[in-house]
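Heads up, the thing below is written out as structure tokens.
To find a chain, count down the sequence lines: A is the first, B the second, and so on, and within it residues start at 1.
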Amino acid sequence: MTVRTRYAPSPTGALHIGNVRSGLFAYLFARHKRGQFILRIDDTDQERSTQESLDEILESLRWLGVDWDEGPPDRRYFQSSRFERYREGARQLLREGKAYPCYCTVAELEAMRQAAQREHRKPGYDGRCRNRTAPADLPQVALPDKSAGRDYTIRFRSPRVGETVVDDLIKGRAVFDNAELDDLIIFRSDGVPTYNFATVLDDADFGMTHVVRGDDHLPNTPRQMQIFYALGLQPPAYAHLPMVMGPDGAKLSKRHGATSVFAYRDLGYFPEALLNYLVRLGWSHGDQEIFSRDEMIEFFDFANCGKSAGIFNADKLLWLNFHYLKERPLERLAAEVKPFIAKRGWPIPGDEAWLQRMIATLRERAKTLVELVDFAHFYLVDPITLDPKAAAKFLRAEIIEPLTALTDELEALDGEFNEAAVQPAFERVLAKFGIKLGQLAQPVRVALTGGTVSPGIYEVIAVLGKARTLARLRQAIAAAR
RNA sequence: GGUCCCAUCGUCUAGUGGUCAGGACACCGGCCUCUCACGUCGGGAACGCGGGUUCGACUCCCGCUGGGAUCACCA
């Protein structure tokens, strides 16, 4: 049987990295098995679903390169277009006496919960409407519709005895006592189906063979399985992935800072790095740390998934990003860096070759595209501003003469203005004044970059070019006076 | 509180009865060096506790402790 997995985000906010990791694992499993990966949009909650969130989810997945075989823009993969199907499913259950109307109000339900809590009983629904409607009348019960005065909900009649066994591909066997499962609402009084019900119908209709999701859904699983059984359907196989936690050990959420895919994209991270980080959080292949997409697909297996929650480690993600930054072709980097330069409001160099040379000097000093661009400030913008502390320390009166001599030497250079030509000029000045390279390089560095940290001084000079180098040296000499 | 899940360095993890418990990130130190990085070499750092099973437990079983998830007319 062809494996079919799905990722079913709800368009009620940004695409969160803990959440997208579940999607990634579902994707990898499907690809590994040469099956199909389906993207479905769980938008039954019309109140909270937005077009912006949907757009962000779709664009995030495309950016990550997680492609789907079926899904948007096909409307059939939106729950909002399947309401008639859910109604049909609910009618079937009603007809067969496996669901019933519940007339309890929200206030009553709340009181019920509080009383249960007070008396240390389980807080679930007590089933008081279970037998309120005569079995013979159940098939005639109309679905809720507030505006038509049918202000009640439909509940699933969950079995009270026996147990439900979840043979999870990652967690192993989990047994739930059916007595613990209360009768959950499958249709709200506003006529909208609830998640647990819609999901079951979708997973069944779309032929899902494996449901891969976060283990926060594990408690839902026996309920969903019972709905499958009631509908006369076979539940899929389940694989519940451990959660991703924040540094404080609680489920990762917005309050942990940058958590959306877009946030990392905008911070200058590469999709390869994010994917690589996410896949190694909860899954392993021996000691291997770096995985290409093809390798992830080739090696992925639930057997190598861990069972325990993992804490999101921003440092390791940064290290991975650095790894991909170092090995990225300069040509590609040059293209990718431009939007970040634009975002800073700095001019984008027109000379592609020059841009690449510039990046080459910076790439081992930055871990993200944002860092790289910030570091490139002195290359991109004229005039530079000298850091006062650096200038006070290195642009002192005694360096004026050597700096002037260097300026003259550099100005006298003909031909290629490159590292090989610049170095001898430095050496002549060093010899003339009897000073060490460090004593000259730092003042020059401050003069050319405004600060004390930069790529090798010869590289900087070569990339800056003769005119800008001389201008900045003269400006610095003037400042030293 | 009920139910369910989980438990190897600070973090991610390898390990499937016999290993000096391995790797990675981070951290510390040496080397390289014009600064900062990169690179490189080296270092500290873990099997939560208690019972079993076994000739032998990080590995298997039970209990405890600890952490997490979930208990909506959200998904």
Contact list for residues 151-171 of chain A, test ring-ring contact (aromatic ring centres under 6.0 Å, His included), sequence neighbours left out: A:Tyr103-A:Tyr152
Proximal nucleotide (of [options]) relative to the [X] side chain:
X	options	value
A:Thr44	B:C5, B:A75, B:C73	B:A75
A:Asn196	B:G23, B:A75, B:U3	B:A75
A:Glu364	B:C38, B:C73, B:G1	B:C38
A:Arg48	B:C74, B:G23, B:A72	B:C74
A:Arg365	B:U3, B:C36, B:A75	B:C36

Pairing partner (Watson-Crick or G-U wobble, both distances under 3.5 angstrom) of [N]:
N	answer
B:C71	B:G1
B:U16	none
B:G39	B:C31
B:A24	B:U11
B:C60	B:G52

Using a 4.0 Å heavy-atom cut-off, does [X] contact any base of the nucleic acid, only the sugar-phosphate backbone, or nothing at all?
X	answer
A:Gly249	sugar-phosphate
A:His240	nothing
A:Arg173	sugar-phosphate
A:Leu218	sugar-phosphate
A:Asn220	base
A:Phe176	sugar-phosphate

Atom NZ of A:Lys389: over 12 foreign heavy atoms under 6.0 Å: no
Calculate the interatomic distance between [X] atom [atom1] and [N] atom [atom2]; express it in whole Å.
X	N	atom1	atom2	result
A:Met225	B:C4	CE	P	15 Å
A:Phe378	B:C36	CZ	P	15 Å
A:Ile186	B:A75	CD1	P	13 Å
A:Phe312	B:U11	CZ	C1'	12 Å
A:Asp216	B:C71	CG	C1'	13 Å
A:Ile359	B:A37	CD1	P	22 Å
A:Leu143	B:C73	CG	P	17 Å
A:Phe291	B:A24	CZ	C1'	11 Å

Stretch residues 427-445 of chain A: residues that reach within less than 4.0 Å of RNA chain B through a heavy atom: A:Leu437, A:Gly438, A:Ala441, A:Gln442, A:Arg445
Any donor-acceptor pair under 3.5 Å from A:Arg223 side chain to A:Asp182 backbone: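 Yes, because the side chain of A:Arg223 sits within donor-acceptor range (under 3.5 Å) of the backbone of A:Asp182.
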A:Asp43 side chain to A:Ser49 backbone, donor-acceptor under 3.5 Å: no
Positive for ring-ring contact (aromatic ring centres under 6.0 Å, His included) with A:Trp283, one of A:Phe291, A:Phe302, A:Tyr277: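 Output: one option passes, namely A:Phe291.
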5′-ward residue of the pair A:Ile185/A:Met243 relative to RNA chain B: A:Met243
Closest-nucleotide ordering on RNA chain B, the 5'-leading residue of A:Pro219 and A:Val453: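 Residue closer to the 5' terminus by nearest nucleotide: A:Val453.
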Is there a side-chain polar atom (N or O) of [X] under 4.0 Å from OP1 or OP2 of [N]?
X	N	result
A:Thr452	B:C36	no
A:Lys307	B:C6	yes
A:Arg188	B:C74	yes

N/O donor-acceptor pair, side chain A:Thr194 with base B:C73, under 3.5 angstrom: no
B:G23 base / A:Gln288 side chain donor-acceptor hit below 3.5 Å: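 In this structure, the two groups form no donor-acceptor pair.
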How far, in whole Å, is [M] from [N] if one measures between their [atom1] atoms?
N	M	atom1	answer
B:A14	B:U19	C1'	12 Å
B:C47	B:G22	C1'	13 Å
B:C49	B:U8	P	12 Å
B:A7	B:G63	C1'	15 Å
B:G23	B:C62	C1'	33 Å

Return the polar atom pairs (N/O with N/O) between nucleotides 60-62 of chain B and the protein under 3.5 Å, or none.
none

Residue among A:Thr199, A:Asn196, A:Thr164 satisfying side chain to side chain donor-acceptor pair (under 3.5 Å) with A:Gln224: A:Asn196
A:Asn321-A:Tyr264 side chain donor-acceptor pair, cut-off 3.5 Å: no
Any donor-acceptor N or O pair under 3.5 Å, side chains A:Asp248, A:His256: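 Note: A:Asp248 and A:His256 side chains meet the donor-acceptor criterion.
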Distance, nearest 0.5 Å, that separates CG of A:Asp215 from CG of A:Leu241: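 It comes to 8.0 Å.
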Near-ring test A:Phe29/A:Phe37, centroid separation under 6.0 angstrom: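 No, ring centres 6.0 Å or more apart.
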Output field: ring centroids A:Phe300/A:Phe25 closer than 6.0 Å: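 Yes.
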Polar atom pairs between nucleotides 13-15 of chain B and protein, under 3.5 Å, N or O only, would you list them?
from  : atom 1 : to       : atom 2 : distance (Å)
B:U13 : OP1    : A:Gly282 : N      : 2.5
B:U13 : O3'    : A:Ser284 : OG     : 3.2
B:A14 : OP1    : A:Ser284 : OG     : 2.9

Aromatic ring pairing A:His240/A:Tyr238, orientation class (parallel under 30°, perpendicular over 60°, tilted between): parallel
Geometric cation-pi criterion A:Arg130 and A:Tyr100, 6.0 Å radius, 45° cone: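 A:Arg130 over A:Tyr100 ring: no.
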Audit row: A:Glu327, A:Arg363, salt bridge (Lys or Arg N to Asp or Glu O under 4.0 Å) steps and yes/no: CA-CA 9 Å; A:Glu327 67 165 28; A:Arg363 68 186 328 181; over 6 Å; no
Ion pair check, A:Glu289 and A:Arg280, cut-off under 4.0 Å: yes
Electrostatic pair A:Glu84:A:Arg91 at N-O distance under 4.0 angstrom: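 A:Arg91 and A:Glu84: salt-bridged.
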Listed partners of A:Asp202 passing salt bridge (charged side-chain N to carboxylate O under 4.0 Å, His left out), at least two apart: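 Result, salt bridge (charged side-chain N to carboxylate O under 4.0 Å, His left out) vs A:Asp202: A:Arg40, A:Arg82.
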Using the 3.5 Å cut-off, write out each protein N or O paired with an N or O of nucleotides 26-32 of chain B and the distance between them.
none

